[in-house]
J.: 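This structure is in structure tokens; I'll ask about it shortly.
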Amino acid sequence: MTSSVKAILDLKGRDVVTVGPNATVAEAAVILSRKKIGAIVVVGMENRISGMFTERDLVHAIAKHGKEGLDQPLAQVMTAKVYRCHEETTVNELMELMTSRRFRHVPVESNGKLAGIISIGDVVKSRIAEVEREAEEIKAYIAG
């Protein structure tokens with residue numbers, strides 16, 4: 001049985017680093033560095049997802065605007081089309097989405113609001129735990 005996004009969030013927690021769309025690229029870069037993370041969810045009113053700002057977005061902003069890119073508001077440089085998942089999403093579905101779209105972070109949405117975030121590392125950990133459980137079950141079955 002494949003695990004779900006809910007199971008991952010129940011283990012890792014639901015805390016998400018967020019920032020408003022008017023924060024600058026420089027401010028977001030400081031947050032990424034201090035928190036040692038690769039993505040920040042950009043939220044608007046009522047904790048609704050407006051976009052994602054990732055390390056890739058930082059690189060694109062600098063490549064396009066030079067050092068002036070650091071002064072750009074996130075609303076101008078963030079990834080606005082954000083693919084979301086829900087607690088019922090399976091790990092296999094999430095792996096497919098992350099692989100096909102080349103995402104390393106996917107926010108979790110519940111009732112239109114941010115409910116957590118799943119990283120590729122979370123997915124890998126979950127999948128390894130699942131494979132290890134299956135192996136133990138097979139060993140127990142064989143041993144009788």
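When a residue number appears, it is its place in the shown sequence, counting from 1.
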J.: Calculate, to the nearest 0.5 Å, the distance between atoms CZ and CD1 belonging to Arg133 and Ile138 respectively.
T.: 12.5 Å
J.: What is the distance from atom CG of Leu97 to atom OG1 of Thr89, rounded to the nearest 0.5 Å?
T.: 8.5 Å
J.: For a 4.5 angstrom cut-off between non-hydrogen side-chain atoms, does Ile49 reach Arg84?
T.: yes
J.: Would you call Thr24 and Leu74 a side-chain contact if the rule is heavy atoms closer than 4.5 Å?
T.: no
J.: Grouping I, L, V, M, F, W and Y whenever their side-chain heavy atoms are under 4.5 Å apart, do Met98 and Ile37 come out in a common cluster?
T.: no
J.: So how far is it from His105 NE2 to Glu55 CD, rounded to the nearest 0.5 Å?
T.: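 Taking NE2 in His105 and CD in Glu55, the distance rounds to 7.0 Å.
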J.: Does the side chain of Pro21 reach to within under 4.5 Å of the side chain of Val42, using non-hydrogen atoms?
T.: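 Answer yes - side chains close enough.
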J.: Check for me, please, whether Phe103 and Val91 land in the same ILVMFWY cluster - side-chain distances under 4.5 Å, paths through other members count.
T.: yes
J.: Would you name the heavy atoms of Pro107 and Val41 that are closest together and state the gap between them?
T.: CB-CG2, 4.4 Å
J.: Can you sort out the partners of Arg14 under side-chain hydrogen bond (donor to acceptor under 3.5 Å, both in side chains), two or more places apart, ordered by chain and number?
T.: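 Arg14 satisfies side-chain hydrogen bond (donor to acceptor under 3.5 Å, both in side chains) with Asp10, Glu87 once adjacent residues are dropped.
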J.: For the pair Thr90 and Ser4, evaluate side chain to side chain donor-acceptor pair (under 3.5 Å) and give the outcome as yes or no after the intermediate values.
T.: CA-CA 4 Å; Thr90 67; Ser4 66; over 6 Å; no
J.: How about Leu114 and Glu46: do any of their side-chain heavy atoms sit closer than 4.5 Å?
T.: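 A side-chain contact is absent here, since even the closest heavy-atom pair is not under 4.5 Å.
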J.: Might you work through the side chain to side chain contact (heavy atoms under 4.5 Å, CB included) test for Val77 and Asp57, ending with a clear yes or no?
T.: CA-CA 7 Å; Val77 297; Asp57 295 319; 5.5 Å; no
J.: Distance-only, no hydrogens or angles: does the Thr79 side chain make a donor-acceptor pair with backbone N or O of Lys81 under 3.5 Å?
T.: no
J.: Quick one: does Leu58's side chain get under 4.5 Å of Thr54's, heavy atoms only?
T.: no
J.: Would you call Arg48-Glu109 a salt bridge at under 4.0 Å N-O?
T.: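 Here Arg48 does not pair with Glu109 in a salt bridge, since their nearest N and O are not under 4.0 Å apart.
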J.: Are Leu94 and Val82 linked, directly or through other ILVMFWY residues, by side chains that come within less than 4.5 angstrom of each other?
T.: no
J.: Measuring from atom CD1 of Ile40 to atom NZ of Lys35, what distance do you get when rounded to the nearest 0.5 angstrom?
T.: 10.0 Å
J.: Can you tell if the side chain of Val16 reaches within under 4.5 Å of the side chain of Ile117, non-hydrogen atoms only?
T.: yes
J.: Following the transitive rule for hydrophobic clusters with a side-chain heavy-atom cut-off under 4.5 Å over Ile, Leu, Val, Met, Phe, Trp and Tyr, establish whether Val19 and Phe53 coincide in one cluster.
T.: yes
J.: Would you confirm whether Ser110, through its side chain, and Ala115, through its main-chain N or O, come within 3.5 Å as a donor-acceptor pair?
T.: no
J.: With rounding to the nearest 0.5 angstrom, report the CD1 to CD distance, Ile62 to Gln72.
T.: 9.5 Å
J.: How long is the gap from CZ on Arg56 to NE2 on His60, to the nearest 0.5 Å?
T.: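 Separation between the atoms: 7.5 Å.
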J.: Going by heavy atoms in the side chains, are Ile118 and Leu9 under 4.5 Å from each other?
T.: yes
J.: Would you name the heavy atoms of Tyr83 and Val106 that are closest together and state the gap between them?
T.: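 Where Tyr83 meets Val106 most closely, the heavy atoms are O-CG1, 3.5 Å.
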J.: Backbone N or O of Glu96 within a donor-acceptor pair of the Thr99 side chain at under 3.5 Å?
T.: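 Judged by distance alone, no pair lies under 3.5 Å.
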J.: Same hydrophobic cluster for Val25 and Met78, using side-chain heavy-atom links shorter than 4.5 Å among ILVMFWY?
T.: yes
J.: Salt bridge check, Glu130 against Arg127: does any charged N sit closer than 4.0 Å to a carboxylate O?
T.: yes
